[in-house]
Amino acid sequence: MASGSERVVVVGVDDSTHSYHALETALDLFFTPFKSNPQFKLVVLHARLPATSVLGFAGPGTVDIIPLVEQDLDKTADLVKKKCTDVCSAKSVEITSLEVVEGDPRNIMLEAAERHHASVLVLGSHGYGAVKRVFLGSVSDYLAHHAHCSVMIVKKPKAKHASNDKH
Amino acid sequence: MSEDQAAAVKETSAVEKQPETTGAEAPTVTITKRMMVAIDESDSSFYALQWVIDHFSNLLMTTEAAEAEGGLLTVVHVQSPSHHFAAFPAGPGGATAVYASSSMIESVKKAQQEASAALLSRALQMCRAKQIRTETLVLEGEAKDMICQAVEQMHVDLLVVGSRGLGKIKRAFIGSVSDYCAHHANCPILIVKPPKEITT
């Protein structure tokens with residue numbers, strides 16, 4: 001186990017409000033209260049989907065669109081990086097490592113958690129694919145089950161109205 | 001369905017509500033970060049409690065700096081309902097109904113309460129050792145429902161659960177209560193995994 005000053009928090013972000021909310025929540029819990037005595041290191045990770053997975057259902061003519069999709073994904077990745085940097089500097093938190101890795105977000109997150117010896121993995125829910133009926137996104141669900149380190153799942157920002165009927 | 005349980009929450013909610021303070025005064029701390037840890041008899045849940053104590057001490061301690069952060073740790077234990085031991089009418093004639101005697105019910109309840117008290121005092125000792133601002137809570141009912149209800153009613157900011165509870169099924173990577181709460185609790189949830197074991 002890492003020593004006290006080496007504890008790492010890995011936050012996974014995609015380009016969704018839930019992710020940024022998760023990042024802010026992580027900052028509020030792990031970083032802002034410790035300003036004078038930083039106890040954790042922050043790693044922010046964006047899993048950039050490969051173009052082929054995005055185009056899963058496309059028919060003929062796919063080959064032509066791939067470069068455009070790639071470009072779009074790159075733009076998104078840059079946007080995410082910038083936004084995370086902004087969110088963190090607004091709270092005066094230094095990002096130890098901001099990474100963009102291409103591939104399946106589930107494996108990327110697991111691998112990053114191992115690599116950084118993370119104490120905790122933080123994710124928004126409803127990350128990839130807005131499947132409204134599934135209250136917990138599939139990536140966060142997968143990681144809750146399979147990660148070896150602790151997992152914090154941050155749900156959507158508190159809605160004014162809880163009109164959900166769950167049983 | 002929820003009416004009874006809501007009543008149960010209010011009735012049993014104050015087994016021991018003692019905010020821990022270092023000094024003689026009881027400071028009025030505005031609670032801005034209420035964390036709730038659910039415990040049962042499993043090691044996993046106590047490991048989760050220890051994890052919270054280790055990682056969030058700056059938020060939760062009874063020092064001035066921490067009090068400014070407004071953290072409070074609520075340790076909750078849910079007792080399974082004791083109505084299982086109520087009357088069991090058996091047989092078509094009705095004459096063969098088996099009733100648990102009231103003294104038996106009493107002793108079961110008493111045993112449950114003692115078990116809860118023991119668990120909570122163990123939890124409190126862990127918190128006191130690190131001067132954590134803590135309160136305890138005992139609820140009665142189905143663990144997963146009661147925990148989610150408590151989260152809503154008490155405006156919990158972070159729910160912390162262990163990953164595996166009393167059902168030690170090795171293939172299940174996360175226990176059913178933790179899984180249910182991950183899906184249904186209205187607040188961020190932190191699932192604490194046990195430390196890496198050599199054997200998987």
Side-chain angles (χ1 to χ4, degrees), chain A residues 1-4 7-9 18 21-26 28-40 113-114 117-125 133-138 140-159 161-162 164-167, chain B residues 1-2 32-35 44 47-48 50-52 54-61 63 65-71 144-145 148-149 151-152 155-164 171-175 178-197 200:
Chain A
M1 288 279 277
S3 63
R7 297 193 282 196
V8 178
V9 176
H18 306 108
H21 178 66
L23 177 58
E24 284 186 17
T25 307
D28 287 337
L29 282 172
F30 292 105
F31 295 92
T32 45
F34 298 79
K35 278 204 180 107
S36 54
N37 178 20
Q39 302 230 336
F40 298 96
E114 294 286 316
H117 304 291
S119 299
V120 63
L121 196 51
V122 180
L123 297 166
S125 172
R133 273 174 313 154
V134 178
F135 202 67
L136 186 69
S138 64
S140 33
D141 190 54
Y142 180 87
L143 290 169
H145 283 71
H146 293 93
H148 289 298
C149 64
S150 304
V151 177
M152 177 152 87
I153 299 168
V154 181
K155 311 280 179 67
K156 59 185 183 292
K158 284 203 167 95
H161 240 330
N164 38 356
D165 37 3
K166 37 188 202 302
H167 288 284
Chain B
M1 150 192 109
S2 53
T32 49
K33 292 188 187 69
R34 179 179 234 132
M35 298 194 191
S44 174
Y47 181 75
Q50 191 59 52
W51 199 98
V52 169
D54 289 339
H55 288 72
F56 291 121
S57 52
N58 272 41
L59 276 177
L60 298 170
M61 281 171 74
T63 56
E67 277 169 12
E69 301 293 340
K144 51 189 202 253
D145 294 323
C148 292
Q149 266 187 33
V151 161
E152 286 212 35
H155 303 295
V156 173
D157 297 303
L158 178 68
L159 174 64
V160 183
V161 293
S163 60
R164 232 185 270 159
R171 279 171 307 163
F173 299 110
I174 176 174
S178 307
D179 191 55
Y180 184 91
C181 294
H183 283 76
H184 294 91
N186 258 341
C187 68
I189 180 166
L190 175 56
I191 301 164
V192 178
K193 301 290 178 99
K196 274 195 194 154
E197 287 147 16
T200 33

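Just so you know, these numbers come straight off a predicted model, no measurement behind them. Letters A, B, ... mirror the listed sequences (proteins, then strands); counts begin at 1. Because only heavy atoms are used, hydrogens play no part in the values below, and waters and symmetry mates are left out as well, while side chains stay in.
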**OP:** Determine the minimum heavy-atom distance between A/L143 and B/K193, stating which atoms define it.
**Re:** O-NZ, 4.1 Å
Original post:
How long is the span from the OG atom in B/S163 to the NE2 atom in A/H148, to the nearest 0.5 Å?
Top reply: 11.5 Å
Subject >> Worked check of side-chain contact (heavy atoms from CB on, under 4.5 Å) between A/D141 and B/D179 >> reply: CA-CA 9 Å; A/D141 190 54; B/D179 191 55; 4.1 Å; yes
Subject >> Euclidean distance, B/I191 CD1 relative to A/S140 OG, rounded to 0.5 Å >> reply: 9.0 Å
Original post:
Non-hydrogen atoms of chain A under 4.5 Å away: do they reach the side chain of B/L158, the backbone, both or neither?
Top reply: side chain
**OP:** Of all the heavy-atom pairs spanning B/M35 and A/L29, show the shortest one and how long it is.
**Re:** CE-CD2, 3.7 Å
**OP:** Specify whether A/F30 and B/W51 have parallel, tilted or perpendicular ring planes, treating 30° as the upper limit for parallel and 60° as the lower limit for perpendicular.
**Re:** perpendicular
Subject >> Flag side-chain contact, heavy atom, 4.5 Å: B/H55 against A/V120 >> reply: no
Original post:
Does any heavy atom of chain B fall under 4.5 Å from the side chain of A/L121, the backbone, both, or neither of them?
Top reply: neither
Original post:
Non-hydrogen atoms of chain B under 4.5 Å away: do they reach the side chain of A/L123, the backbone, both or neither?
Top reply: neither
Subject >> Distance-minimising heavy-atom pair for A/D28 and B/K33 >> reply: O-CE, 3.6 Å
**OP:** Output the distance between atom OG1 (A/T32) and atom CG (B/L59), rounded to the nearest 0.5 Å.
**Re:** 7.5 Å
